[in-house]
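Structure first, then comments.
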Number of protein chains: 2
Amino acid sequence: MHWNRYLNGGYYMDMDADQPQQRRLTRAEAKARTRTLLLDAASQVFASQGFAGASVEEIAERAGFSIGALYSNFTGKEELFLELMASRASDRAAETTQLLQDEREAPGRPWQALGQQMISVADKNTELVALQAEFWLYAVRHPNVMETFAARVRQRREPLEQLIGSEFSKDRGGYDGDLASRVAIVVSALFQGMVRQRRIDPDNVPAELYGDALRWLFTGIKATERAARGENQ
Amino acid sequence: MHWNRYLNGGYYMDMDADQPQQRRLTRAEAKARTRTLLLDAASQVFASQGFAGASVEEIAERAGFSIGALYSNFTGKEELFLELMASRASDRAAETTQLLQDEREAPGRPWQALGQQMISVADKNTELVALQAEFWLYAVRHPNVMETFAARVRQRREPLEQLIGSEFSKDRGGYDGDLASRVAIVVSALFQGMVRQRRIDPDNVPAELYGDALRWLFTGIKATERAARGENQ
DNA sequence: GTCTATAAACAGATAGAC
DNA sequence: GTCTATCTGTTTATAGAC
C-alpha cells in the first residue's frame, strides 16, 4: 500500500495488490505518512473551526491517531498550522502553473473560459478558500509570518503574470513586465474577492461574471495602452 | 457627558461642561453606554484575536467592566459577536453612502480619485478589515447566519450600484440595472481583494492600482457595450 | 513512533452580594 | 446594573508504558 498525493492535497492509494515485493514501510516512511495524514486532517479542522477554534485532539482523532502521535511529529498546534500553510501554498502553486499551462496550449481561448474554469475550481475547493482566509488572518496578526506569507502569495502569482505578459506581447513590441505585474495583482485580487462573495451569496454572483470582468478589464487595458501609445508616438 | 458615535464606529464625548442642566444618566442610558463600550472593546479584541481566540474576560477588561457586566448585557460571547457584526454593518453602509454622495457632488472626478480615496480609508481602518474577514469566516461556518450576512453585504453595495448605474445612463438611453448590479459586484470584489493583498504586501500593491483598475474596467465596459449596441442596431 | 493517563492552565458561564 | 467568587468543561502539553 502506497500513498500518493493529489495536487489538491487529497490522497489516494495504489490499489495494485499484486505488486510483487510489497514491503513494510521503514520507520521514516511511516512517520512521513503520519505527518501527511495529520496535515490532511489539520486542513479540514482548521478550515472548519479556525486556528484558535481547532483542537489538537480533534485533528489527531480525524487522522486516526492520538494526541501523543501529533506531538511526536509537531512541536504543537502552531507548528502544525505553519507547516500546513507552507504545504498548501506549494500545492496551489503547482495547480496554478498547471491551469495556466493548459491555457497556453489553447491560446485562442477567450478570457471568459479561463475565468469560468478558475471559479469552478474554487467552488469545489471550499475548504481551501476558508483556509486561505485563515492564513491571511494569521499573517495579519503575526508580523513575523507576514513577509513569508506575502512572498508565497507573490510566488503563486508569477505564472499568471507571465501569461498576461505574453498576452500583451502580441499587441506591442516589447514585454512590459511592470504592466503585467500590476495586472496580475488586479486579476488575482478580483478573483479572490469574487470567490469570497460567491461563497456567501452564490445567486447574486454568477460564475460567468468573473469571465465577463476579465474581458472588460483586458479590453480596457488594451484600449488604454493603445491611447497612451498613440499620444506618445 | 454624552456619547456620540462616529461613522467609523469610534466614539467621542461632548466636552461641553458648561451645559446647564447636566443630569445623571438614567439606568437605561447607562446600560446603553455600557453596551456600546463593550461592543467597542469587542471590536478590538475580536479583530486582533479572532472569534474563537478572543476571551470574554479580555473584552470586559478592555471596556473597563467585569465579566458579570458583560453577561448582564449580552447572553454570551456569540451574541456579542453577532451584535457587533450587525452594528458594524450599518456603520459601513452609512460610510459608503456618504463617500458616494461626495462622489455625486463632484461628478467630473475620475475613477482614479474615488479608488484612491477608498483604498486610503481601508488603510486607516485596519481593525475593520480584519473584522470583515472574521465575519466572513463566521458566516461561512454558520449557515444560519450566512443569509443575513449576505443580505447586509448586498445592502452595502446598493449605493455603489446606483452610482455606477447613473454613470452608465450618461452614455446610453435607459438605465441598465442588471449591468450596474453586476459591475458593482465586480468593483467591490476587486476592492476587497486589493485591500487584503495590500495589507500583507503594501510595497507590491500601490494605492493607485485600484484607481487604475477601475479606469481599465470602465473603459472596457463602455467599449464592450458600444460594440454590443453597434451589432444590435 | 505511538499510546494512555494526567498535569496545569484557562475558557465560558452562573449565583449571589451589593 | 455591576462585581466577586466559583463551578464545570475543555484545552495544550507532557511523562512514562509499550
Side-chain angles (χ1 to χ4, degrees), chain A residues 1-3 23-42 44-85 134 138 141-142, chain B residues 1-3 23-85 134 138 141-142 145:
Chain A
M1 185 160 81
H2 185 73
W3 292 80
R23 57 168 172 75
R24 260 240 171 65
L25 279 73
T26 66
R27 246 171 142 77
E29 283 172 333
K31 187 164 188 178
R33 176 177 161 278
T34 302
R35 270 183 75 94
T36 301
L37 288 172
L38 282 168
L39 280 171
D40 205 40
Q44 296 172 39
V45 179
F46 282 135
S48 68
Q49 318 274 0
F51 174 68
S55 78
V56 290
E57 187 183 11
E58 187 175 345
I59 294 172
E61 249 172 36
R62 184 167 303 214
F65 294 95
S66 63
I67 299 184
L70 191 153
Y71 276 95
S72 91
N73 280 278
F74 301 92
T75 61
K77 187 176 164 179
E78 196 129 13
E79 192 188 271
L80 181 54
F81 185 77
L82 292 172
E83 292 268 324
L84 179 68
M85 204 164 148
E134 205 64 46
Y138 190 92
R141 291 168 183 157
H142 300 80
Chain B
M1 185 160 82
H2 183 74
W3 292 80
R23 58 170 170 74
R24 260 241 171 66
L25 277 73
T26 66
R27 247 173 141 78
E29 282 171 334
K31 187 164 188 180
R33 176 176 160 278
T34 302
R35 271 183 73 94
T36 300
L37 288 171
L38 283 167
L39 280 171
D40 206 39
S43 175
Q44 297 173 38
V45 179
F46 282 135
S48 68
Q49 318 274 357
F51 173 68
S55 77
V56 291
E57 187 182 10
E58 188 174 346
I59 294 172
E61 249 172 35
R62 184 166 304 214
F65 295 96
S66 63
I67 299 183
L70 191 153
Y71 276 95
S72 90
N73 280 279
F74 301 92
T75 61
K77 188 176 166 179
E78 197 130 13
E79 192 188 270
L80 180 54
F81 185 77
L82 293 172
E83 292 268 322
L84 179 68
M85 204 166 149
E134 204 64 46
Y138 189 92
R141 291 167 183 158
H142 300 80
V145 174

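A, B, ... follow the sequence lines: proteins, then strands. Residue 1 opens every chain.
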Residue-phosphate contact under 4.0 Å: Thr34(B) side-chain N/O, dG1(D) OP1/OP2 = no
Would you mind checking if Arg62(B) and Glu58(B) are paired as a salt bridge, meaning a charged N to carboxylate O distance below 4.0 Å?
-> yes
When we call it a touch if two heavy atoms are under 4.0 Å apart, what does Ala60(B) touch: a base, just sugar-phosphate, or nothing?
-> nothing
Could you give the CD-to-P distance, from Glu61(A) to dC3(C), as a whole number of Å?
-> 11 Å
How long is the gap from OG1 on Thr34(A) to CG on Leu38(A), to the nearest 0.5 Å?
-> 6.5 Å
Relative to each other, are the rings of Phe46(B) and Phe81(B) parallel, tilted or perpendicular (30° and 60° limits)?
-> perpendicular
Atom-pair distance (CD on Glu58(B); P on dG12(C)), nearest Å | 10 Å
For Asn73(A) and Arg35(A), the nearest pair of non-hydrogen atoms, with its separation, is O-NH1, 3.0 Å
In whole angstroms, how far is the P atom of dA11(C) from the CD atom of Glu57(B)?
-> 6 Å
Sidechain-backbone polar pair: Glu134(A) side chain, Phe51(A) backbone, donor-acceptor under 3.5 Å | yes
Rounded to whole Å, the NZ-C1' distance (Lys31(B) to dG1(D)) equals 7 Å
Please produce a list of atom pairs where a protein N or O lies less than 3.5 Å from an N or O of nucleotides 16-18 of chain C.
none

Leu38(B) has an atom CG; how far is it from atom C1' of dG1(D), in whole Å?
-> 12 Å
Give each protein N/O atom lying under 3.5 Å from an N/O atom of nucleotides 13-15 of chain C, with the pair distance.
unit_1  : atom_1 : unit_2   : atom_2 : d
dA13(C) : OP2    : Tyr71(B) : OH     : 2.8
dA13(C) : OP2    : Lys77(B) : N      : 3.2
dA13(C) : O5'    : Tyr71(B) : OH     : 3.3

Verdict with reasoning, Glu79(A) to Leu82(A), per side chain to side chain contact (heavy atoms under 4.5 Å, CB included) = CA-CA 5 Å; Glu79(A) 192 188 271; Leu82(A) 292 172; 5.6 Å; no
Between Leu84(A) and Leu80(A), is any pair of side-chain heavy atoms under 4.5 Å apart?
-> no
Gap between atoms CG and P, on Leu80(B) and dG12(C) respectively (whole Å) | 11 Å
Once you round to the nearest 0.5 Å, how far does CD1 of Ile59(A) lie from CG of Leu37(A)?
-> 13.5 Å
Nearest-nucleotide pick for Ser72(A), side chain only, options being dA11(C), dT4(C), dG1(C) | dG1(C)
To the nearest angstrom, how far is Asn73(B) atom CG from dC3(D) atom P?
-> 10 Å
Given atom CD1 of Ile59(A) and atom P of dT11(D), what is their separation to the nearest angstrom?
-> 11 Å
Do Glu57(B) side-chain atoms and Ile67(B) backbone N/O form a donor-acceptor pair below 3.5 Å?
-> no
At under 4.0 Å between heavy atoms, what does Ser55(A) touch on the DNA or RNA strands: base, sugar-phosphate, or nothing?
-> sugar-phosphate
